[in-house]
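Values reported hereafter were calculated over all heavy atoms of this structure, with side chains retained and with hydrogens, waters and symmetry mates removed.
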2 protein chains.
Amino acid sequence: MRRKAGSLVPLELSILEAGIELVVRGAPYFHGFLIAKEIKEREDARLLTAHGTLYKALDRMQKAGLLESEWENPIAAAADGRPRRRLYRVTAAGEAALATARAPERVGATLKPEAGSVTA
Amino acid sequence: MRRKAGSLVPLELSILEAGIELVVRGAPYFHGFLIAKEIKEREDARLLTAHGTLYKALDRMQKAGLLESEWENPIAAAADGRPRRRLYRVTAAGEAALATARAPERVGATLKPEAGSVTA
DNA sequence: CAAGAATAGGAAGATATCTGCCGTTTGTCA
DNA sequence: TGACAAACGGCAGATATCTTCCTATTCTTG
């Protein structure tokens, strides 16, 4: 799909939004599974199918500097009797990217009538 | 199904056999997933469906004293980048139960010729 | 503008354990 | 012998992350 540097795909937008909201609600971090449930609720979507899509997006975003992460302390996970999580935080760059991506929503919004009314 | 104390269901037999063989082959412990794959090869079976059956059997056998287990060190699991395992060992009681269960195999083994040689 | 390169998304499975529900089977007791 | 209770086995899903393969989409370049 060859991305234009700096642009965000819908899933990335969702991740940033959900991630920021989770943190605002008091969580210092968020992890993939949590985000998956969060997004599922909002978008109702069956996106991320087996979560593969989501984890790849998280990776990608971290490499792009929009997120930073660290592995949860294995002892803590063990104490809770569940698999270890990878804990993410939205970086300043991530917040900026979200803001930038949101603003242009009005630029170029030329009310294009979805060409395609004339069948073939 | 109401079990007669001391008897072993086929799955338990398989677990004990596979468990002992794995240890003989040099592994100090074995874990559920491993046993599942081991049994799948031998019996080819799609038993243990989602492994639920297997884990319940392992639990049951531990309570009966045929197996003993301990959680793997979470740090070790983390270092290997995989979920923690529960490490099992066959106890002396387990080996004895296997021997006892195997012996009666000859009693009543009347060489029944698997009726069905006449092709319909 | 068309063709090619690159990447996003979907499907599936590996890794590991456990819980709940339901149906079937089996042992025991009346 | 018949009926009940208990337990076993199968199915499904929760918890969490990652990889591979294939398809679809989009950007860029000629």
_Selected nucleotide, minimal atom distance to F33(B) side chain, candidates dT15(D), dT17(D), dA16(C)_ = dA16(C)
*side-chain hydrogen bond (donor to acceptor under 3.5 Å, both in side chains) partners for T91(A), two or more places apart*: none
*Report the residues that fulfil side-chain contact (heavy atoms from CB on, under 4.5 Å) with A96(B), sequence neighbours left out, ordered by chain and then residue number.*
none
*Taking only residues two or more places apart in sequence or in another chain, which ones pass ring pair (Phe, Tyr, Trp, His ring centres under 6.0 Å) with Y55(B)?*
none
*Set of side-chain contact (heavy atoms from CB on, under 4.5 Å) partners for A27(B), sequence neighbours left out*: none
*For the residue pair V9(B) and R60(B), establish whether any side-chain heavy-atom pair is separated by less than 4.5 Å.*
yes
*Could you list who else is in I75(B)'s hydrophobic cluster, with ILVMFWY side chains joined at under 4.5 Å, directly or through other members?*
I75(A)
*asked:* Just to be sure I understand the geometry, which residues of residues 69-85 of chain B put a non-hydrogen atom under 4.0 Å away from DNA chain C?
replied: W71(B), R82(B), P83(B), R84(B), R85(B)
_Those residues of residues 19-26 of chain B lying under 4.0 Å from DNA chain D by at least one heavy atom_ = none
_Residue pairs passing the salt bridge (charged side-chain N to carboxylate O under 4.0 Å, His left out) test where at least one lies in residues 28-38 of chain B, sequence neighbours excluded_ = R25(B)-E38(B)
*If the sugar-phosphate is the primed atoms plus P, OP1 and OP2 and the base is the rest, what is the B/S/- string for nucleotides 19-26 of chain C, using protein heavy atoms under 4.0 Å?*
BBB---BB
*Other ILVMFWY residues reachable from L87(B) by side-chain steps of under 4.5 Å*: Y29(B)
*Test side-chain contact (heavy atoms from CB on, under 4.5 Å) applied to A64(B) - qualifying residues, sequence neighbours left out*: L66(B)
*Please tell me which of K37(A) and Y88(A) maps to the more 5' nucleotide of DNA chain D, matching each residue to the nucleotide holding its nearest heavy atom.*
K37(A)
*Mind checking side-chain hydrogen bond (donor to acceptor under 3.5 Å, both in side chains) for R82(B) and listing every partner two or more places apart, or none if nothing turns up?*
E72(B), D80(B)
*Counting side-chain heavy atoms from C-beta on, which of dG9(D), dA16(C), dT15(D) comes nearest to H31(B)?*
dA16(C)
